[in-house]
Amino acid sequence: MSYDHQSIDGKWQKRWMEAHVFEAKNDSPKEKFYLLVEFPYPSGAGLHVGHPRSYTAIDIIARKRRMEGKNVLFPMGWDAFGLPAENYAIKTGNHPGTFTQTNIDTFRRQLQSMGFSFDWSREVNTTDPAYYKWTQWMFLEFFKAGLAYKTEMAINWCPKDLCGLANEEVIAGKCERCGTPVEKKLKSQWMIAITKYADRLLSDLEGLNYLPKIKKQQEEWIGRSEGAEIDFPLLTKEGAKGRLEDSITVFTTRPDTIFGVTYVVLAPEHPLVASIVSDEQRAAVDEYVASIKSKTDIERGDDTKEKTGVFTGAFVTNPANNEAVPVWIADYVLGHYGTGAVMAVPQHDERDRAFSEAMNLPIVDRPLVSFEEAVAKTGGRQKTTYKLRDWVFSRQRYWGEPIPLVHCEKDGWVAVPTEELPVVLPNVENYQPTENGESPLANIESFVNTKCPQCGGAAKRETDTMPNWAGSSWYFLRYTDPHNDKEFASKEALKQWMPIDIYNGGMEHTTLHLLYSRFWNKFLFDRGYVPTSEPYARRHSHGMINAEDGRKMSKSWGNVVNPDEVVGQHGADTLRVYEMFMGPFEEMVPWSTNGVIGVRRFLDKAIRMSEKIADVEDVEVTKMLHKTIAKISGDIEGFGFNTAVAQLMMFVNVVQEKGAITKESLRLFLRTLVPFAPHVANEMWEQLGGTGFVEEQEWPVADASMLKDDTVEMAVQVNGKLRGTIVVAADEVEEIIVKTARADENVAKYVVDEPKKVIVVKGKLVNFVV
RNA sequence: GCCGCGGUGGCGGAAUGGUAUACGCGACGGACUCAAAAUCCGUUUCUCGCAAGGGAUUGAGGGUUCGAGUCCCUCCCGCGGCACCA
């Protein structure tokens with residue numbers, strides 16, 4: 001007998017579906033438990049073997065919780081807006097929706113073939129107008145609250161994708177998606193003021209059960225720092241246009257070093273540069289500013305290069321001592337952080353020192369004063385700044401949610417009325433974005449030209465679409481009430497399910513999706529639409545699965561493992577158990593074909609336990625069973641899935657060695673096996689005459705009396721070195737233990753005289769110090 | 001550069017300060033078989049030894065402790081994140 005996956009897998013998947021066993025109930029008296037895995041982007045390549053790793057892990061918890069009597073919500077859906085579908089559309093001329101739908105069907109079939117206990121009745125799809133109607137509605141809530149604003153700004157521009165990118169989508173100066181170095185481009189963009197929530201996004205982390213490294217990354221990304229703003233009044237020098245009443249405001253975390261200031265530096269893009277520059281310096285300044293503009297972020301960000309800068313010809317007064325210091329511009333000062341201007345203290349700051357040395361500026365050692373004294377003396381103001389920047393929310397692409405705003409000559413930007421939502425994506429003939437950076441929607445006159453909802457006059461629709469982080473910022477709310485067409489979710493449904501008890505996803509989303517969705521939820525909370533200010537009570541993350549050769553799986557390397565093939569050859573449970581067994585859940589691990597086979601052998605062996613059923617079993621089997629129940633229960637809670645599987649294997653090995661197991665014990669074992677290998681467990685259950693599903697049984701509790709052994713093996717050490725082992729009664733008194741230990745022939749060789757000291761750790765060891 | 005996480009057999013990895021190397025893979029030997037596959041039994045950190053047993057060993061070096069993979073210090077290496085944030 002072996003695991004006949006080809007008949008078993010489909011059989012149980014069909015039965016689960018027909019019996020609706022995994023569907024969550026919105027009106028259940030049971031205690032709720034909401035488990036969430038990040039919904040996938042349904043790519044054309046199909047499911048990656050990395051997906052089932054986290055899905056299986058959370059599925060195991062979901063199944064255990066149901067058996068513990070909880071009302072479990074464990075949903076799945078599709079984050080389906082995105083560039084691959086759009087690129088496909090550009091290439092083939094087909095609608096990206098068609099491609100997306102095909103991919104979704106593939107993904108669903110693949111997920112169902114692995115027996116995940118998702119509640120398929122709650123499936124959501126971000127590209128469904130019935131879904132994105134609410135994404136648009138929420139955007140309008142931001143707009144109405146004054147948090148969505150349009151501004152002309154230098155944005156990160158990917159010249160390959162022809163699209164603006166959010167700060168978070170730029171990785172080391174390159175486009176996150178295609179790796180092209182990002183350029184700066186001045187564009188009018190919709191922004192969402194996430195910085196207004198910076199403080200709360202930071203301080204509310206404290207009460208959350210997130211992995212420490214996740215909290216840390218978010219903290220650093222938000223980047224709060226305490227300091228002061230200090231005004232340096234401008235001095236009019238010969239030829240400079242600065243007026244006396246103007247001043248340059250700097251931000252510093254070290255006002256205490258104010259007496260060491262030898263110059264002030266503006267970022268090249270600082271708005272005051274043009275007006276303060278002297279005639280003699282104008283040419284040099286213009287040239288410098290132009291050279292900086294042509295640089296990419298990577299070039300500018302290279303802090304190993306020699307510092308560059310130009311004197312503006314202007315001077316300011318140090319308010320602490322009324323000394324005049326020169327004003328420079330340099331690209332090591334960033335325009336978007338603080339005030340875009342710094343007071344340079346080469347004595348205390350490495351960067352200022354490097355610049356001083358490069359430009360032959362003086363370095364002075366002045367006395368330090370206290371933070372408070374410096375702020376008071378200079379008329380400065382205490383100030384907190386953040387590295388976090390507002391969220392660039394416009395994309396010049398087709399395949400996204402249209403931004404539901406209309407521009408009217410008379411009324412400016414006007415929201416599309418709620419009853420007219422959704423603003424549906426129109427069909428276009430060409431999906432290619434334009435070179436001048438406009439969405440293909442801009443070419444559809446029937447879409448663009450509309451009436452102003454306020455005055456009825458001629459108006460034009462916004463043609464930018466939303467980033468694909470929009471739909472994923474609130475999908476977890478929709479799962480609570482996915483078919484509601486009056487609201488995005490009812491208050492009751494939200495109250496019943498939120499917050500999410502465990503949310504698992506990739507580390508790569510820590511400063512993107514995770515931060516955006518926390519912010520989005522907080523905003524909805526402030527507007528009174530959701531019941532909790534934080535969406536996720538607990539956040540966990542999984543490690544990646546690499547190819548067998550240790551490299552990333554990639555088509556170009558030809559080392560991609562297709563999960564369909566694994567399921568087809570070895571069965572769904574083999575894939576599930578293997579992915580749990582391969583290594584610690586949070587760590588990156590390489591795929592191993594032989595490892596898969598090893599797990600398959602284990603499942604075959606497990607099934608063969610049915611042939612060993614007897615009326616009595618060795619007490620070791622019973623004890624091992626209860627140890628296994630205890631170990632598995634603890635390991636699942638602690639995300640120790642690999643050691644849980646090892647324990648399952650140990651149990652099966654003991655049964656094999658002893659050759660007999662009772663029906664009762666086997667049934668109990670199947671209850672611990674079912675979260676990991678649900679097809680095998682249910683099949684064995686049925687063969688034993690069980691009715692219904694194993695999932696309908698209660699989660700077993702270990703019999704504490706079975707966890708203790710009557711006798712224990714103890715190590716005997718002499719001076720910390722192992723010299724023998726003894727077997728004594730578990731509750732043996734120390735005196736007898738020591739006597740037994742000394743009686744050991746080998747130990748006696750080393751312990752001739754009376755030992756100086758004897759350490760006895762009951763059940764573990766005896767150590768003689770001689 | 002800064003922050004975080006790691007470094008354990010041939011490989012993936014296990015180990016509340018208490019017998020390091022569980023579990024799995026691979027390898028080797030054996031049983032079954034005409035044979036192979038599958039399955040089963042055994043061996044498998046290195047090393048000396050016929051054996052009993054000894055010695056070494058968790059990246060390197062120190063320290064604390066009766067006892068350190070685990071705690072502390074100084075390094076080396078790998079991975080991830082941030083990166084001129086004033």
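So that the names make sense, note that chain A is the first sequence line, chain B the second, and so on, each numbered from 1.
As rounded to the nearest Å, B:G1 and B:C23 have C1' atoms that lie 42 Å from one another. A distance of about 11 Å separates the P atoms of B:A68 and B:U57, rounded to the whole Å. For the P atoms, the distance from B:A27 to B:C34 is 25 Å, rounded to whole Å. Taking atom P on both nucleotides, B:G13 is separated from B:G59 by 14 Å, rounded to a whole Å. B:C40 and B:C32 have their C1' atoms separated by 8 Å, with the value rounded to a whole Å.
Under the salt bridge (Lys or Arg N to Asp or Glu O under 4.0 Å) criterion, the residue pairs touching residues 623-648 of chain A are A:K64-A:E637, A:R65-A:E637, A:K623-A:D709, A:K627-A:D709, A:K631-A:D635, with sequence neighbours excluded. Within the structure, every pair that satisfies the ring-ring contact (aromatic ring centres under 6.0 Å, His included) test and touches residues 634-654 of chain A, not counting sequence neighbours, is listed here: A:H540-A:F639, A:F585-A:F639, A:F585-A:F641, A:F639-A:F641, A:F651-A:F669.
If A:V589 and A:L765 are placed on RNA chain B by their nearest nucleotide, the residue sitting closer to the 5' end is A:V589.
Within the structure, a side-chain polar atom (N or O) of A:Q656 is placed less than 4.0 Å from OP1 or OP2 of B:C41. Between A:K721 and B:A56 there is a side-chain polar atom (N or O) within less than 4.0 angstrom of OP1 or OP2.
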Could you list, one pair per line, each protein nitrogen or oxygen that sits under 3.5 Å from a nitrogen or oxygen of nucleotides 63-65 of chain B, together with the distance?
none

With the criterion being N/O to N/O and under 3.5 Å, what pairs connect the protein with nucleotides 52-54 of chain B, and how long is each?
unit_1 : atom_1 : unit_2 : atom_2 : d
B:G54  : OP1    : A:R723 : NH1    : 3.2
B:G54  : OP1    : A:N746 : ND2    : 3.1
B:G54  : OP1    : A:Y750 : OH     : 3.2

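Take A:R608 and apply the salt bridge (Lys or Arg N to Asp or Glu O under 4.0 Å) test, not counting sequence neighbours, and it matches no residue.
No hydrogens or angles were tested; on distance alone, a donor-acceptor pair under 3.5 Å links the side chain of A:K307 to the base of B:C84.
Atom pair A:K631:NZ and B:A14:C1' shows a separation of 9 Å (rounding to whole Å applied). Here B:A20 presents its P atom at 12 Å from NZ of A:K764, a figure rounded to the nearest Å. A:F585 has its CZ atom 14 Å from the P atom of B:A14, to the nearest Å.
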Annotated protein contacts, base or backbone, on nucleotides 21-30 of chain B with a non-hydrogen cut-off under 4.0 Å, one of B, S, - each: -BBSSS----

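Taking only side-chain atoms of A:P584, from C-beta outward, the nucleotide of B:G4, B:U19, B:A14 with the closest atom is B:A14.
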